[in-house]
Amino acid sequence: MSTRDLRSRRLSYDADTLVDNPAGEPFDLFDAWMSDATAGQDEGRPFEATSMTVSTVTQLADGTWQPQARVVLLKEYDEEGFVFYTNLESDKGRALAANPRVCLSFNWSELERQVRIDGVAHQVDRSQVNDYFSVRPRASQTGAWASHQSQPIGSREELEQAFSDAEERFAEQPVPVPPFWGGFRVVPQRIEFWQGRRSRLHDRIVFTRTDAGWDVTRLCP
Ligand SMILES: Cc1cc2nc3c(=O)[nH]c(=O)nc-3n(C[C@H](O)[C@H](O)[C@H](O)COP(=O)(O)O)c2cc1C
C-alpha cells in the first residue's frame, strides 16, 4: 500500500473555553461535561457519551512492560470513582489484578473535549455487581456466560453454540452472575480536562489529589 497522506486534514477548535480555576471539585466539572455529552446523545446526535478508553500496563513474559488500551462503557460515577463492568479473567481483568494503575480517557470530539483520569482500580463489591447485572438485558447476561473474554475461540459458530448452551442451561430461570464477571471502580489521583482552542492553544486544566483536597494547575497545550 502506498503512503496515505492525511497531513492536510485539520479542524480548528473554538467551541468553548476553560477558566484557570474552575469552581468546586473535578467531579463537578466532569459531571457538567458528561451532561453535555449525554444531552447530545439524547438529542439523537451520534455521541458515544459514555464510552472511554481504559489503558492498563501489563508485564510480559520477557519482563518488559506493555501498555494496552480498549474501549469500555462508563456505568456509574460519583466522588468515590468511575465504574465499569467486564470479565475479570479478560486481559484487562488480569492486568488490573497484577497492576491496578489505570488510565481512563474520554474523547468527546463533537464538544472538542477530552478528559483523562489517572487512578487506581479496585474491584466493585459483589452486591453492586449483582445489582447492575440484574438490569442488563437477558441476552447480555447470557452472553457473559458464553464468552471467555480475550481467549481464542475456533469459529463464530463455536461462540454462537456457547450462547445457545448458556440459554438452555438457564432456561426459565434468572441468569445468575458469572463468578468471573465483575466491575472496577477507578479512584482518581489526577483528572485532566482538555478543551480545544484556536491555533492549537488549547486549554488544559489538571486536578491533582492532595491530602487537603485537589490542586488545580494549567498546563501548556
Ligand atoms: C463502544 C464499546 C463499548 C464497549 N464496552 C465494553 C464494556 O463495557 N465492557 C467490556 O468488557 N468490554 C467492552 N467493550 C469491548 C472492549 O473494547 C474489549 O474488546 C474487551 O473488553 C476485551 O478487552 P481485553 O481483551 O483487553 O480485556 C466495548 C467496546 C466498544 C467499542
Side-chain angles (χ1 to χ4, degrees), residues 18 20-38 48-59 65-108 111 113-136 144 149-150 177-195 203-219:
L18 258 180
D20 281 322
N21 281 293
E25 298 217 328
F27 300 101
D28 301 319
L29 186 53
F30 182 85
D31 197 39
W33 281 21
M34 179 58 84
S35 297
D36 290 343
T38 51
E48 270 281 25
T50 61
S51 71
M52 58 184 184
T53 299
V54 175
S55 303
T56 52
V57 181
T58 199
Q59 194 165 27
W65 294 90
Q66 175 65 52
Q68 295 174 328
R70 74 292 280 162
V71 172
V72 307
L73 298 179
L74 178 67
K75 289 297 174 184
E76 293 147 47
Y77 65 91
D78 56 22
E79 282 85 353
E80 305 297 310
F82 300 84
V83 174
F84 66 92
Y85 293 92
T86 192
N87 185 312
L88 302 173
E89 295 174 0
S90 63
D91 282 356
K92 80 184 88 46
R94 289 175 193 276
L96 289 172
N99 175 13
R101 290 200 172 272
V102 64
C103 177
L104 309 176
S105 61
F106 295 82
N107 171 22
W108 292 306
L111 299 168
R113 286 174 177 168
Q114 169 180 240
V115 176
R116 177 181 136 193
I117 299 168
D118 295 351
V120 176
H122 301 264
Q123 263 196 47
V124 166
D125 67 49
R126 289 316 284 179
S127 66
Q128 191 176 342
V129 171
N130 296 346
D131 276 357
Y132 174 60
F133 194 81
S134 70
V135 300
R136 298 185 86 206
Q149 196 176 55
S150 316
V177 187
F180 52 80
W181 196 88
F184 290 96
R185 170 176 287 100
V186 175
V187 178
Q189 301 300 324
R190 178 190 186 280
I191 307 184
E192 177 190 327
F193 296 86
W194 183 102
Q195 178 75 60
D203 285 330
R204 294 178 69 189
I205 298 292
V206 177
F207 290 77
T208 309
R209 196 190 281 278
T210 67
D211 291 343
W214 294 90
D215 269 355
V216 186
T217 314
R218 177 177 286 271
L219 300 181

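All values below come from the heavy atoms of this structure, side chains included, with hydrogens, waters and symmetry mates left out. All residue numbers refer to positions in the sequence shown, counting from 1.
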Under the ring-ring contact (aromatic ring centres under 6.0 Å, His included) rule, collect the residues that match up with [X], sequence neighbours excluded.
| X | result |
| --- | --- |
| F133 | W181 |
| F193 | W33, F207 |
| F106 | F30, W108 |

Name all residues meeting the salt bridge (charged side-chain N to carboxylate O under 4.0 Å, His left out) criterion together with [X]; count only those two or more places apart in sequence or in a different chain, and write none if there are none.
| X | value |
| --- | --- |
| D20 | R218 |
| R113 | D16, D36 |
| D118 | R116 |

Is there side-chain contact between [X] and [Y], with at least one heavy-atom pair below 4.5 Å?
| X | Y | answer |
| --- | --- | --- |
| P26 | L29 | no |
| I191 | V206 | no |
| F82 | V187 | no |

Begin with the C-alpha distance, continue with both residues' side-chain angles, and end with the deciding distance and a verdict on side-chain contact (heavy atoms from CB on, under 4.5 Å) for F84 and V72.
CA-CA 7 Å; F84 66 92; V72 307; 3.7 Å; yes
Which heavy atom of [X] sits nearest to which heavy atom of [Y], and what is that distance?
| X | Y | answer |
| --- | --- | --- |
| L74 | M34 | CD2-CE, 3.7 Å |
| P188 | G81 | CD-CA, 4.1 Å |
| R136 | A144 | NH1-CB, 4.2 Å |
| L88 | G182 | CG-N, 3.7 Å |
| G183 | Y85 | CA-CD2, 3.7 Å |

Take I205 and V216 through the test side-chain contact (heavy atoms from CB on, under 4.5 Å) and record every step on the way to the result.
CA-CA 7 Å; I205 298 292; V216 186; 3.6 Å; yes
Among residues at least two apart in sequence or on other chains, which ones pass side chain to side chain contact (heavy atoms under 4.5 Å, CB included) with [X]?
| X | value |
| --- | --- |
| D125 | S127, Q128 |
| E25 | F27, D28, E79, W214 |
| A32 | none |
| S134 | none |

How long is the span from the [atom1] atom in [X] to the [atom2] atom in [Y], to the nearest 0.5 Å?
| X | Y | atom1 | atom2 | result |
| --- | --- | --- | --- | --- |
| M52 | C103 | CE | SG | 10.5 Å |
| N107 | W194 | CG | CH2 | 8.5 Å |
| D215 | T208 | CG | OG1 | 6.0 Å |
| Q68 | T56 | CD | OG1 | 5.0 Å |

Restricting to pairs with a member in residues 84-101, which pass salt bridge (charged side-chain N to carboxylate O under 4.0 Å, His left out), not counting sequence neighbours?
none
Q149 and T86: CA distance, side-chain angles, deciding distance, side-chain contact (heavy atoms from CB on, under 4.5 Å) verdict:
CA-CA 9 Å; Q149 196 176 55; T86 192; 3.2 Å; yes
Test of understanding: with side-chain hydrogen bond (donor to acceptor under 3.5 Å, both in side chains), list the residues that count as partners of D31, not counting sequence neighbours.
Y77
Worked check of side-chain contact (heavy atoms from CB on, under 4.5 Å) between Q123 and L96
CA-CA 9 Å; Q123 263 196 47; L96 289 172; over 6 Å; no
Tell me whether E192 is salt-bridged to R204, with the criterion being a basic N under 4.0 Å from an acidic carboxylate O.
yes
